[in-house]
Protein chains: 2
Amino acid sequence: MAIRVSIYEDNQPLREALSALITDEDDYTLVGAFGDCLHANDQTYSLQPDVVLMDIDLPGRDGIQAVTGLHREFPNVDVLMLTVFDDDDRVFRALCAGASGYLLKQTTPDQILEAIQSVYAGGAPMTPSIARKVIQTFPARIGHSADLDQLTTRESQVLQYLAKGLSYKLVAAELNISVETVRTHIKRIYEKLHVHSVTEAIAKYRG
Amino acid sequence: MAIRVSIYEDNQPLREALSALITDEDDYTLVGAFGDCLHANDQTYSLQPDVVLMDIDLPGRDGIQAVTGLHREFPNVDVLMLTVFDDDDRVFRALCAGASGYLLKQTTPDQILEAIQSVYAGGAPMTPSIARKVIQTFPARIGHSADLDQLTTRESQVLQYLAKGLSYKLVAAELNISVETVRTHIKRIYEKLHVHSVTEAIAKYRG
DNA sequence: CAACAGCTACCATAATCATGGGAGTGGCAG
DNA sequence: CTGCCACTCCCATGATTATGGTAGCTGTTG
């Protein structure tokens with residue numbers, strides 16, 4: 001049985017190249033190729049692909065959202081993300097959303113076919129560099145940036161509440177201290193983490 | 001510069017085979033080969049390898065513990081795990097402990113060299129089946145609050161950059177749009193997510 | 001074509017945050 | 001006991017963010 005593949009890629013030349021690649025192989029059947037993923041769920045329902053190739057950066061509705069929807073409705077369909085960039089954050093979110101693998105567009109045709117085969121067989125193909133990023137997100141993170149360790153108990157608490165989205169006022173209320181004190185803690189935090197805003201501090205805090 | 005490699009493998013014939021493989025290649029230098037990992041840290045300190053090949057199943061002290069120690073003391077040294085079996089669970093734990101990739105012992109010599117090269121270049125070689133296991137550990141944020149899906153591509157991008165700690169001004173620069181436009185996007189984001197500040201939005205965005 | 005969604009841009013006002021300063025308390029180590 | 005650190009609090013100024021309104025441009029859809 002040939003593997004049924006559908007493609008979502010807004011770049012037309014690339015979409016056609018991928019389509020040709022799939023079509024020319026006996027072991028693969030191209031069931032659809034689209035320039036956007038607005039109706040990915042409907043299309044997946046009627047075309048019944050085994051594997052979906054999805055560009056991560058599509059106009060209108062981006063690939064990550066599409067993956068979220070697809071994964072919820074068709075957990076058995078494997079989604080391979082395509083991207084030009086080696087963009088950590090989006091890779092991470094795509095994988096969280098349920099993507100099964102991740103390919104850079106510069107991947108060779110042979111590797112793409114291999115990846116489709118592999119994901120269909122229950123694997124999760126990704127380039128070594130992406131794999132590295134993925135495993136770096138593991139709990140291991142002992143490298144804690146050292147800066148974080150310098151925060152006192154109170155400062156950490158303040159930062160935690162801020163990360164939850166609370167304002168100074170609410171943090172103060174939560175910790176039963178004055179807003180001014182919260183300010184002071186935050187000033188120290190900024191000095192220690194070498195940042196200048198709440199969001200930066202949180203970004204650093206999150207690793 | 002040749003890549004400095006050390007080996008930990010209790011099976012003598014295999015250890016010798018690996019040693020020979022490394023030694024025979026000009027681009028690799030074998031700096032040590034041992035039957036146990038009891039003194040892995042000391043040895044790593046004195047031999048200064050770039051890449052360590054570590055059997056996952058060593059007598060006395062197993063490879064995973066060794067990785068934990070190595071990774072803490074020498075975060076720049078890459079560790080490749082070796083295993084006979086496609087033992088998901090242990091490979092998985094090794095990766096958590098800080099290993100950078102893993103190889104089946106049945107891997108061909110060429111592939112082994114390639115993997116060493118790849119890990120040294122910042123990659124994380126692993127088979128698709130392990131990779132799949134790895135990504136399945138990702139937070140399967142399914143409840144995604146549905147609010148998030150309502151964000152348009154542009155809005156998501158803005159929020160992403162904010163989450164990285166950038167100010168409006170920097171986000172604008174990053175996306176090549178005016179600060180005012182960033183403001184507008186943020187206003188929409190707030191409406192859709194029902195929040196009133198950047199940090200709240202990020203908190204919601206992070207799940 | 002008209003309506004709508006998405007991206008772009010500007011202005012004004014109010015609220016919040018950033019930064020720098022000063023200051024008092026209690027505890028702990030030298 | 002004295003300096004140091006963590007924690008607490010206050011003030012003032014300037015920068016940034018929040019909110020609301022307005023509006024042109026594009027592409028899609030009914």
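Chain naming here is simple, since letters A, B, ... match the order of the sequence lines and numbering starts at 1 in each. No hydrogens, no waters, no symmetry mates; every other heavy atom, side chains included, goes into these values.
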Could you go through nucleotides 28-30 of chain C and list every protein N or O atom that sits under 3.5 Å from one of its N or O atoms, giving the distance for each pair?
none

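- Dashed line: the shortest gap from a side-chain N or O of A:T153 to OP1 or OP2 of D:dA6 is not under 4.0 Å.
- A:E25 pairs by the salt bridge (charged side-chain N to carboxylate O under 4.0 Å, His left out) definition with nothing, not counting sequence neighbours.
- For the pair A:E200 CD and D:dT17 P, the computed distance is 11 Å after rounding to whole Å.
- In this structure, the salt bridge (charged side-chain N to carboxylate O under 4.0 Å, His left out) partners of B:R183, at least two apart in sequence or on a different chain, are B:E180.
- Annotation: side chain to side chain contact (heavy atoms under 4.5 Å, CB included) contacts of A:L170 (sequence neighbours excluded): A:L166, A:S167.
- Looking at residues two or more places apart in sequence or on another chain, you find no side-chain hydrogen bond (donor to acceptor under 3.5 Å, both in side chains) involving A:S6.
- For the side chain to side chain contact (heavy atoms under 4.5 Å, CB included) with B:R154, the lone residue among B:T184, B:L175, B:L159, B:T181 that qualifies is B:L175.
- Taking the side-chain hydrogen bond (donor to acceptor under 3.5 Å, both in side chains) definition, one finds that B:S197 meets it with B:T199, sequence neighbours left out.
- For the side-chain hydrogen bond (donor to acceptor under 3.5 Å, both in side chains) test with A:E155, the passing option among A:K192, A:R188, A:K187 is A:K192; the others fail.
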Distances under 3.5 Å between nitrogen or oxygen atoms of protein and nucleotides 28-30 of chain D:
none

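- The side chain of B:H185 lies closest to C:dC7 when the candidates are D:dT19, C:dC7, D:dC7.
- Remark: A:R15 engages A:I7, A:E9, A:Q12, A:S19, A:A33 in a side chain to side chain contact (heavy atoms under 4.5 Å, CB included) (not counting sequence neighbours).
- Applying the side-chain hydrogen bond (donor to acceptor under 3.5 Å, both in side chains) criterion to B:E73, with sequence neighbours excluded, gives B:N41.
- Relative to the side chain of A:V198, the nucleotides C:dC17, C:dC7, D:dC7 differ in distance, and C:dC17 lies closest.
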Taking N or O atoms only and anything under 3.5 Å, show me the protein contacts with nucleotides 9-16 of chain D, one pair per line.
from, atom 1, to, atom 2, distance (Å)
D:dC9, OP2, A:S178, N, 2.5
D:dC9, OP2, A:T181, OG1, 2.7
D:dC9, O5', A:T181, OG1, 3.3
D:dC9, N4, A:T184, OG1, 2.9
D:dC10, OP2, A:S178, OG, 3.4
D:dC11, N4, A:E180, OE1, 3.4

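- With sequence neighbours excluded, the residues forming a side chain to side chain contact (heavy atoms under 4.5 Å, CB included) with B:V195 are B:Y190, B:L193, B:E200, B:A201, B:K204, listed by chain and number.
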Run the side-chain donor-acceptor check on residues 110-125 of chain B: report pairs under 3.5 Å with partners two or more places apart or on a different chain.
from, atom 1, to, atom 2, distance (Å)
B:Q111, OE1, B:T108, N, 3.2
B:Q111, OE1, B:T108, OG1, 3.2

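- Residue A:L175 contributes atom CG, which lies 11 Å from atom P of D:dC7 at whole-angstrom precision.
- In this structure, A:I186 places its CD1 atom 13 Å from P of D:dT8, rounding to the nearest Å.
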